[in-house]
Visitor: 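One structure coming up, written as structure tokens, with questions to follow.
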Amino acid sequence: MKLPETVHIVEVGPRDGLQNEKQQVATATKVELIRRLAAAGLKTIEATAFVSPKWVPQMGDNAEVLRQTLAAPAPGVNYPVLTPNLQGLEAALAAGASEIAVFGAASEAFSQKNINCSIAESLERFRPVIAAARAAGVRARGYVSCVVACPYAGDIAPEAVAEVAAALFDMGCYQISLGDTIGAGTPRRIRRMLEAVAARVPVAQLAGHYHDTCGMAIANLYASLEMGVNTFDASISGLGGCPYAAGAAGNVATEDVIYLLEGLGIATGIDLDALIDCSAWISAALGRPPGSKVALARLGRRKEH
Ligand code: HMG
Ligand code: MG
């Protein structure tokens with residue numbers, strides 16, 4: 001099958017990556033990470049989450065991160081932020097957000113644990129958030145978590161994913177990001193899930209958000225490319241996880257995705273060397289080696305020379 005000619009990467013490291021960090025990450029480090037990611041050529045960088053600081057203290061400096069980022073924005077770069085409710089939206093708009101994302105799930109149990117309400121309640125909560133965002137000229141993206149399996153309820157039916165994806169799309173989300181929250185997917189299951197969703201939402205409006213817990217994220221991404229998906233979420237150095245999905249690893253590493261896409265001759269506009277410098281920098285700041293195989297290989301080779 002013909003692969004897409006260009007692929008868009010949504011960098012989620014500063015949000016998905018840092019929301020699960022055990023240590024306190026300084027606001028200045030977050031802002032500098034976002035700056036370096038933009039300098040490497042990323043055009044969409046999810047900056048932070050306007051969620052309750054009681055639920056996710058790591059995102060408690062959300063307004064400051066966004067304000068400082070927007071004080072010196074890189075040209076042509078979007079900085080979306082998560083907003084679970086109207087309270088989050090209002091705070092995000094006050095801090096200058098120009099794109100937001102609501103986040104639902106295809107699993108009832110995960111919805112309860114993550115956002116403290118049922119799927120149906122979450123959709124009713126998102127409807128005015130999306131409408132108010134759009135009325136303010138702000139684009140809304142929709143996430144669906146647990147598109148393959150749930151940490152509490154096990155396997156999730158592809159039709160359940162399609163149902164929530166279609167609801168968010170019909171409410172006005174311009175793109176639906178499909179989250180394999182616990183990285184349980186394999187290409188066959190991802191394909192089946194995408195087939196079900198693509199029957200309800202155009203493939204051009206879908207994004208893959210694959211955590212790499214079982215090392216399958218790159219394979220799942222390739223399977224999705226073959227099905228025409230051309231937007232993928234990725235996290236610098238493979239940072240991250242979800243505080244309400246214990247044991248889940250970070251998103252697929254951005255460096256690994258760019259290496260794959262370059263190898264396939266697919267344009268991304270991202271400078272892999274600059275990305276690897278950024279990976280080395282944030283890994284040093286967090287006190288551990290990069291979680292990207294490509295970054296480790298390239299940094300090892302640089303040391304040898
Ligand atoms: P709740 O406790 O039901 O909310 O939480 P509430 O409306 O009853 O309010 C309770 C308190 O929270 C009040 O404060 C509110 O003001 C405050 P109090 O009166 O007790 O002092 N509050 C807020 N504060 C700041 N910002 C807000 C906000 N909303 C309420 N927006 C809520 C419901 C949704 C707020 C909570 O469950 C929450 O914040 N959950 C977020 C969890 C989260 O961030 N998870 C990680 C992101 S999702 C993810 O990682 C998956 C993804 O990557 C895709 C994938 O991998 O699958 C996207
Ligand atoms: Mg995630």
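Here, residue 1 is the first one in the sequence, and each next residue gets the next number. We count ligands from 1, going down the list as the structure has it; atoms in each ligand are counted the same way.
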Visitor: Which of the numbered atoms in ligand 1 are under 4.0 angstrom from any heavy atom belonging to His211?
Guide: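 Reading through ligand 1 atom by atom, the close ones are 56 (O).
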Visitor: After noting the C-alpha distance and the side-chain angles of Val257 and Leu221, does the key distance pass the side-chain contact (heavy atoms from CB on, under 4.5 Å) rule?
Guide: CA-CA 8 Å; Val257 176; Leu221 191 147; 3.8 Å; yes
Visitor: Is atom 40 (N) of ligand 1 less than 4.0 angstrom from at least one protein heavy atom?
Guide: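 Answer yes: something from the protein, a heavy atom, is under 4.0 Å.
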Visitor: Below 4.0 Å from any atom of ligand 1, is there a heavy atom belonging to Gly240?
Guide: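 The answer is no: ligand 1 sits nowhere under 4.0 Å from a heavy atom of Gly240.
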Visitor: State whether any protein heavy atom lies less than 4.0 Å from atom 6 (P) of ligand 1.
Guide: no
Visitor: Between the side chain of Asp271 and the main-chain N/O of Ala40, is any donor-acceptor distance below 3.5 Å?
Guide: no
Visitor: Under a 4.0 Å threshold between the charged nitrogen and the carboxylate oxygen, would Arg301 count as salt-bridged to Glu304?
Guide: no
Visitor: Show the atoms of ligand 1 that are less than 4.0 angstrom away from any heavy atom in Phe50.
Guide: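 Listed by number with element, the hits are 26 (N), 27 (C), 31 (N).
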Visitor: Please state which protein non-hydrogen atom is closest to atom 23 (C) of ligand 1 and give its distance, to 0.1 Å?
Guide: Gln87 NE2, 3.3 Å
Visitor: Numbering the atoms of ligand 1 from 1, which are under 4.0 Å from a heavy atom of Val56?
Guide: 42 (C), 43 (C), 44 (O)
Visitor: Can you list the atoms of ligand 1 that are under 4.0 Å from a heavy atom of Asn114?
Guide: 37 (O), 40 (N), 41 (C), 42 (C), 43 (C), 45 (N), 46 (C), 48 (S)
Visitor: Among all protein heavy atoms, pick out the one at the shortest distance from atom 55 (C) of ligand 1; state its residue, atom name and that distance to 0.1 Å.
Guide: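 The closest one turns out to be Ser145 OG, 3.4 Å.
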Visitor: Please state which part of Arg15 comes within less than 4.0 Å of ligand 1, counting heavy atoms only: side chain, backbone, both or neither.
Guide: side chain
Visitor: Hey, is atom 37 (O) of ligand 1 touched by any protein heavy atom at less than 4.0 Å?
Guide: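 Looking at atom 37 (O) of ligand 1, one finds that a protein heavy atom does lie closer than 4.0 Å.
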Visitor: If you count heavy atoms of other groups shown closer than 6.0 angstrom to CD of Gln23, is the number above 12?
Guide: yes
Visitor: Within a distance under 4.0 Å of any heavy atom of Asp16, pick out the atoms of ligand 1 and give their elements.
Guide: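 This gives 53 (O) as the contact atoms.
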Visitor: Taking all non-hydrogen atoms of both residues, which atom of Ala162 and which atom of Arg200 are closest, and how far apart?
Guide: CB-CG, 4.0 Å
Visitor: Can you tell me if an N/O/S atom from Asp16 lies under 2.8 Å from the Mg ion (ligand 2)?
Guide: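 Under 2.8 Å: Asp16 contacts the Mg ion (ligand 2) through an N, O or S atom.
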Visitor: Taking NZ, NE, NH1 and NH2 as the nitrogens, is one of them in Arg125 or Glu121 under 4.0 Å from a carboxylate oxygen of the other?
Guide: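 Glu121 and Arg125: not salt-bridged.
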Visitor: I'd like to check which ligand 1 atoms, numbered from 1 as shown, lie under 4.0 Å from a non-hydrogen atom of Pro53.
Guide: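 Within the 4.0 Å cut-off of Pro53, ligand 1 contributes 24 (N), 25 (C).
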Visitor: Looking only at protein heavy atoms, which one is nearest to atom 35 (C) of ligand 1, and how far off is it?
Guide: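 Ranking protein heavy atoms by distance from atom 35 (C) of ligand 1, first comes Asn85 ND2, 3.7 Å.
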Visitor: Looking at Asp61 and Lys30, is there a salt bridge between them, counting it only when a charged N and a carboxylate O are closer than 4.0 Å?
Guide: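 Looking at Lys30 and Asp61, the cut-off is met.
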Visitor: I'd like to check whether Thr181 has a polar contact with ligand 1, where a contact means an N/O of the residue lying under 3.5 Å from an N/O of the ligand.
Guide: yes
Visitor: Going from OG1 on Thr254 to CD1 on Ile270, what distance comes out if it is rounded to the nearest 0.5 angstrom?
Guide: 7.5 Å
Visitor: Determine whether any heavy atom of Met59 lies closer than 4.0 Å to an atom of ligand 1.
Guide: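 It does not; every heavy atom stays at 4.0 Å or beyond.
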Visitor: Would a distance-only check, ignoring hydrogens and angles, find a side-chain to backbone donor-acceptor pair under 3.5 Å from Asp180 to Gly185?
Guide: yes
Visitor: Would atom 1 (P) of ligand 1 count as contacted, meaning some protein heavy atom under 4.0 Å?
Guide: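 Yes.
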Visitor: Check the surroundings of atom CD in Gln112: do more than 12 heavy atoms from other residues, nucleotides or ligands lie under 6.0 Å from it?
Guide: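 Enclosed.
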Visitor: Mark up the atoms of ligand 1 that fall under 4.0 Å of a heavy atom belonging to Gly88, in ascending order.
Guide: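 That gives atoms 31 (N) of ligand 1.
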Visitor: Counting only heavy atoms on the protein side, is anything nearer than 4.0 Å to atom 11 (C) of ligand 1?
Guide: no
Visitor: Using a 4.0 Å cutoff against the non-hydrogen atoms of Asn116, which atoms of ligand 1 qualify?
Guide: 1 (P), 2 (O), 3 (O)
Visitor: Just heavy atoms, cut-off under 4.0 Å: does Ser52 contact ligand 1 by side chain, backbone, both, or neither?
Guide: both
Visitor: So which heavy atom on Ala153 is nearest to which on Cys150, and how close?
Guide: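 Smallest interatomic distance, heavy atoms only, reads N-SG, 3.2 Å.
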Visitor: Any donor-acceptor pair under 3.5 Å linking the side chain of Ser279 with the backbone of Leu275?
Guide: no
Visitor: Any idea how Tyr143 and His209 line up, ring-wise: parallel (<30°), tilted (30 to 60°), or perpendicular (>60°)?
Guide: perpendicular
Visitor: Looking at Glu195 and Arg192, is there a salt bridge between them, counting it only when a charged N and a carboxylate O are closer than 4.0 Å?
Guide: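 So Arg192 does not pair with Glu195 through a salt bridge.
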Visitor: Looking only at protein heavy atoms, identify the closest one to atom 26 (N) of ligand 1 and say how far it is in Å.
Guide: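 Answer for atom 26 (N) of ligand 1: Val51 O, 3.4 Å.
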Visitor: If you measure from CG on Asp233 to NE2 on His8, what distance do you get to the nearest 0.5 Å?
Guide: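 Going from the CG atom of Asp233 to the NE2 atom of His8 covers 9.0 Å.
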Visitor: Which residue owns the protein heavy atom closest to atom 33 (C) of ligand 1, what's the atom, and how far is it?
Guide: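 Nearest neighbour among protein heavy atoms for atom 33 (C) of ligand 1, to 0.1 Å: Ile115 O, 3.7 Å.
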Visitor: For atom 18 (P) of ligand 1, which of Lys54, Gln19, Glu46 has the closest heavy atom?
Guide: Lys54
